[in-house]
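Read the numbers this way: they start at 1 and go in the same order the structure lists the ligands and their atoms. Side chains included, hydrogens not; waters and symmetry mates left out as well; all remaining heavy atoms used.
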Amino acid sequence: MIYISELKEYEGKEIDLKGWVINSRSSKGIEFLVLRDGTGFLQCVVDEQTAGQEAYETACKLTQESSVEMSGKVVKDDRQIGGYELQVTKLKILHLNNDNYPISNKSHGVEFLMNNRHLWLRSKRQWAIMRVRNNIIYAIHNFFQKQGFVQMDAPIFTGNAVEGTTTLFATEFYDRPAYLTQSGQLYGEAMAMAMGRIYTFGPTFRAEKSKTRRHLSEFWMIEPEMAFFDNEMNMDLIENFIKSVVDEVMQKSKYELEILERNTEILKTVVSDRFPRITYDEAVDILHGKKPVNGITSIELLEKDKMELEEKINQIKIEIEERENLIADTNLKQSKRNFIINKLDVLKNDLKDLEEKLSHIPEYLKSAKEFRYGDDFGGADETVLTRMFSLPIMVFNWPKEVKAFYMKRDEKNDNLVKGVDVLAPEGFGEIVGGSQRETDLDVLIQRIKEHNLPMEVFSWYLDLRKFGSVPHSGFGLGLERFVSWITNTKHIRETIPFPRMYGRLNP
Ligand code: 4AD
Ligand code: MG
């Protein structure tokens, strides 16, 4: 059996293929089928003259998502998706769908699609996202393995919180209370003292009782941990890591990124240009409009965005009105009318998007102007900050109150910790959180107390500071947030095969 992705090796040859029919149309004794086989898409032509009457009649019966087996000749045709066409000589039905397949070409609501996630995964966009996800995972392993990091699996049942107690999923472990892990980091630190450099790659759980486009209850995290690394080295590694993965994925996922209409120019600069590194204090000044970036302040840029959006909206409204006047003419030819109606649909969708964008600007302006020094950045603040740059930015030196207990305090300022967040551009926000770890036993005990965490469950963790304690650092990359950004998918729920989030446990 041959797969669609391998067709270029079989040009002019007879091959056998298996797959599912996603589309069909007929024209004078010829049936055109679009087939997908999991590796790609292919137009297959069943001509009554060459394939015979039986094959042709079989082809005419095929319904959306019926499965088939066929033979035919591979012909180069640049106009077709994938660049090839199959001239079918034999056709056999494996399973003919009698029920209407629920997902048609017309647009469906997201709730409906999410309820049919098990089928939605077959749709082209979802197919492309999942394949990019796969290539990202591969590129991540590649990056760390090439450099000699050891992959470790951290436990999922745990007795302690890592990232605050408010997002813990409680469960039971042989009659004892237990939690699903929020992060493998603490175990990663122990393993780094055994291996030098490690990374975890596993599921993590956070009870986030709100529906946002950035939060899942179950997500996959990559957590490297490096002995003898300070936060500067940590930031260098994060930057190299992101560049390397983006570069590899751009090469391997060209076709998928094209389907997703991803602007790859932005991704290219991610690979080539140095990421801006700013302190938390500088970030706050940027938000408040006190510190310009490339000659413009955040407030000025938002006001400019607002004016530009208003102008575009006015233009589109004029275009819509003009076209509506055109179709009011009863003498208009039907084909011309259909053309204008389609164009109107597109314009109205654009208008909705622009109006939605415009509606957020007042809230961005307000949260930027009123941001309180010492707070964590919310979604709106992250959007404003990343709007100022076209690259991912690294924000470091955070107030200790908003960060986890394990982060190393800054020797120069006891209120700050050596943490770093990476914020992705284009409105995607935080994708990485990391830090240098506190290695001073007394300070760490003090922090555990300040955070009201139970000392007993951390006794093993404190041992790491008693025996051969060394400076060390690490970070966590949220896989689904990263996939969202690379594939330009606004909502995180489409970046994992079966999302688990507030209000969704099925399918
Ligand atoms: O910033 P966080 O909470 O950091 C940690 O968990 C550290 N222990 C990592 C480390 O230093 N080893 O989470 C890290 C990343 C975030 O930047 C985000 O990308 C992702 O995990 N993340 C989520 N992704 C989806 N849904 C959620 N609810 C997420 N919470 C965090
Ligand atoms: Mg974080």
Colleague: When the aromatic ring centroids of Tyr373 and Tyr280 are compared, is their separation below 6.0 Å?
Modeller: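 Centroid distance Tyr373-Tyr280: below 6.0 Å, so yes.
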
Colleague: Have a look at ligand 1 and work out which part of Ile492, if any, has a heavy atom under 4.0 Å from it: side chain, backbone, both or neither.
Modeller: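 The part of Ile492 near ligand 1 is the side chain, not the backbone.
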
Colleague: If you draw a 6.0 Å radius around NZ in Lys357, do more than 12 non-hydrogen atoms from other residues or ligands fall strictly inside?
Modeller: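 No, not enclosed.
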
Colleague: Does any N/O atom on Leu216 come nearer than 3.5 Å to any N/O atom on ligand 1?
Modeller: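 Among all N and O atoms of Leu216, at least one is under 3.5 Å from an N or O of ligand 1.
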
Colleague: Are Glu111 and Arg504 close enough for a salt bridge, meaning some N to O gap below 4.0 Å?
Modeller: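 Answer for the salt bridge query: yes.
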
Colleague: Which one holds for Glu225 and ligand 1: side chain close, backbone close, both close, or neither close, with close meaning a heavy atom under 4.0 Å?
Modeller: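 The answer is neither; Glu225 stays 4.0 Å or more away.
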
Colleague: Of all the atoms in ligand 1, which lie at a distance below 4.0 Å from a heavy atom belonging to Glu208?
Modeller: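 That gives atoms 28 (N) of ligand 1.
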
Colleague: Checking a contact table here: which protein heavy atom is nearest atom 18 (C) of ligand 1, and how many Å away?
Modeller: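 So the nearest neighbour among protein heavy atoms is Arg481 NH1, 3.6 Å.
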
Colleague: Can you tell me the protein heavy atom closest to atom 1 (O) of ligand 1 and the distance?
Modeller: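 Going atom by atom, the protein heavy atom closest to atom 1 (O) of ligand 1 ends up being Glu430 OE2, 3.1 Å.
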
Colleague: Show all protein N/O/S atoms under 2.8 Å from the Mg ion (ligand 2), or state that there are none.
Modeller: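 Listed by chain and number, the nearby protein N, O or S atoms are Glu430 OE2.
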
Colleague: Any Lys/Arg nitrogen of Asp305 or Arg387 sitting under 4.0 Å from an Asp/Glu carboxylate oxygen of the other?
Modeller: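 Yes, this pair counts.
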
Colleague: Between Glu223 and ligand 1, does any nitrogen or oxygen pair lie at a separation below 3.5 Å?
Modeller: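 It does: an N or O of Glu223 is found under 3.5 Å from an N or O of ligand 1.
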
Colleague: Is there a nitrogen or oxygen of His215 sitting under 3.5 Å from a nitrogen or oxygen of ligand 1?
Modeller: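 No - when backbone and side-chain N and O of His215 are compared with those of ligand 1, no distance drops under 3.5 Å.
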
Colleague: Charged N to carboxylate O below 4.0 Å: is that the case for Lys348 and Asp345?
Modeller: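 No, this pair does not count.
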
Colleague: Could you check whether Arg465 pairs with Glu438 (Lys NZ or Arg NE/NH1/NH2 to Asp/Glu carboxylate O, under 4.0 Å)?
Modeller: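 Not counted as a salt bridge, because no side-chain N and carboxylate O are separated by less than 4.0 Å.
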
Colleague: Assign the ring pair Phe458 / Tyr461 to parallel, tilted or perpendicular, where the plane angle (0 to 90°) is split at 30° and 60°.
Modeller: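 Geometry flag for Tyr461 against Phe458: perpendicular rings.
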
Colleague: Using a 4.0 Å cutoff against the non-hydrogen atoms of Arg214, which atoms of ligand 1 qualify?
Modeller: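 So the answer, numbered in order with elements, is 25 (C), 26 (N).
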
Colleague: Tell me the protein heavy atom at minimum distance from atom 14 (C) of ligand 1, and give that distance in Å.
Modeller: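 Nearest neighbour among protein heavy atoms for atom 14 (C) of ligand 1, to 0.1 Å: Met221 SD, 3.4 Å.
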
Colleague: Would the number of heavy atoms belonging to other residues, nucleotides or ligands and lying under 6.0 Å from OH of Tyr3 be above 12?
Modeller: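 Not more than 12 within 6.0 Å, no.
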
Colleague: If we only consider heavy atoms of Glu163, is any one of them less than 4.0 Å away from an atom in ligand 1?
Modeller: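 A heavy atom of Glu163 does come that close to ligand 1.
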
Colleague: Can you tell whether the side chains of Glu311 and Lys306 come within less than 4.0 Å, N to carboxylate O?
Modeller: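 Looking at Lys306 together with Glu311, the answer is no, because their closest N to O distance does not fall below 4.0 Å.
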
Colleague: Is there any N or O on Ser183 that sits under 3.5 Å from an N or O of ligand 1?
Modeller: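 Ser183 vs ligand 1: N/O contact under 3.5 Å present.
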
Colleague: Only one of Arg213, Met501, Arg481 passes side chain to side chain contact (heavy atoms under 4.5 Å, CB included) with Ile492; say which it is.
Modeller: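 That would be Arg481; it is the only one of Arg213, Met501, Arg481 passing the side chain to side chain contact (heavy atoms under 4.5 Å, CB included) with Ile492.
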
Colleague: Can you report which non-hydrogen protein atom sits closest to atom 11 (O) of ligand 1, along with the distance?
Modeller: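 Answer for atom 11 (O) of ligand 1: Arg437 NH2, 3.0 Å.
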
Colleague: Check for me whether Gly434 has a heavy atom closer than 4.0 Å to any atom of ligand 1.
Modeller: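 For ligand 1, residue contact (heavy atoms, under 4.0 Å) with Gly434 is present.
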
Colleague: Using a 4.0 Å cut-off to any heavy atom of Gly433, which atoms of ligand 1 qualify?
Modeller: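 Counting from 1, the qualifying ligand atoms are 1 (O), 9 (C), 10 (C), 11 (O), 17 (O).
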
Colleague: Does Tyr406 reach ligand 1, in the sense of a heavy atom lying below 4.0 Å from it?
Modeller: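 Per 4.0 Å heavy-atom rule, Tyr406 contacts ligand 1.
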
Colleague: Tell me whether Phe219 has any N or O atom under 3.5 angstrom from an N or O of ligand 1.
Modeller: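 Checking ligand 1 against Phe219, no N or O pair falls under 3.5 Å apart.
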
Colleague: Who gets closest to atom 2 (P) of ligand 1 by heavy atom: Gln182, Arg206, Arg500, Met407?
Modeller: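 Considering heavy atoms of Gln182, Arg206, Arg500, Met407, the nearest to atom 2 (P) of ligand 1 sits in Arg206.
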
Colleague: Could you tell me which atoms of ligand 1, counted from 1 in the order shown, lie closer than 4.0 angstrom to a heavy atom of Val432?
Modeller: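 Going through ligand 1 atom by atom, the ones under 4.0 Å from Val432 are 17 (O).
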
Colleague: Under 4.0 Å, heavy atoms only, figure out whether ligand 1 is touched by the backbone of Glu189, its side chain, both or neither.
Modeller: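 No part of Glu189 is near ligand 1 at this cut-off.
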
Colleague: Does anything in residues 389-402 form a side-chain hydrogen bond (donor to acceptor under 3.5 Å, both in side chains)? List the pairs, not counting sequence neighbours.
Modeller: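 Qualifying pairs: none.
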
Colleague: Is a salt bridge present between Lys366 and Glu363, judged by a nitrogen-to-oxygen distance below 4.0 Å?
Modeller: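 No salt bridge links Lys366 with Glu363.
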
Colleague: Please say which of Tyr199, Phe241, Phe149 ends up in a ring-ring contact (aromatic ring centres under 6.0 Å, His included) with His141.
Modeller: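 Among the candidates, only Tyr199 passes.
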
Colleague: Would you list the pairs meeting side-chain hydrogen bond (donor to acceptor under 3.5 Å, both in side chains) in which at least one residue belongs to residues 269-278, sequence neighbours left out?
Modeller: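 For residues 269-278, and leaving out neighbouring residues, the side-chain hydrogen bond (donor to acceptor under 3.5 Å, both in side chains) pairs sorted by first residue read Asp236-Arg277, Glu239-Arg277.
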
Colleague: Are any of the heavy atoms in Met501 under 4.0 Å away from ligand 1?
Modeller: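 Per 4.0 Å heavy-atom rule, Met501 does not contact ligand 1.
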
Colleague: Any idea which protein heavy atom is nearest atom 19 (O) of ligand 1, and the distance to it?
Modeller: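 Protein heavy atom with the smallest distance to atom 19 (O) of ligand 1: Ile431 O, 2.8 Å.
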
Colleague: Look at atom CZ of Phe228 and say whether more than 12 heavy atoms of other residues, nucleotides or ligands are closer to it than 6.0 Å.
Modeller: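 No.
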
Colleague: Who pairs with Leu347 by side chain to side chain contact (heavy atoms under 4.5 Å, CB included), at least two apart in sequence or on another chain?
Modeller: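 Side chain to side chain contact (heavy atoms under 4.5 Å, CB included) list for Leu347, sorted by chain: Ile316, Glu319, Ile320, Arg323, Lys343.
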
Colleague: For the atom pair CD1 (Ile266) and CG (Asn488), what is the distance rounded to the nearest 0.5 Å?
Modeller: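 Rounded to the nearest 0.5 Å, the CD1-CG separation comes out at 8.0 Å.
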
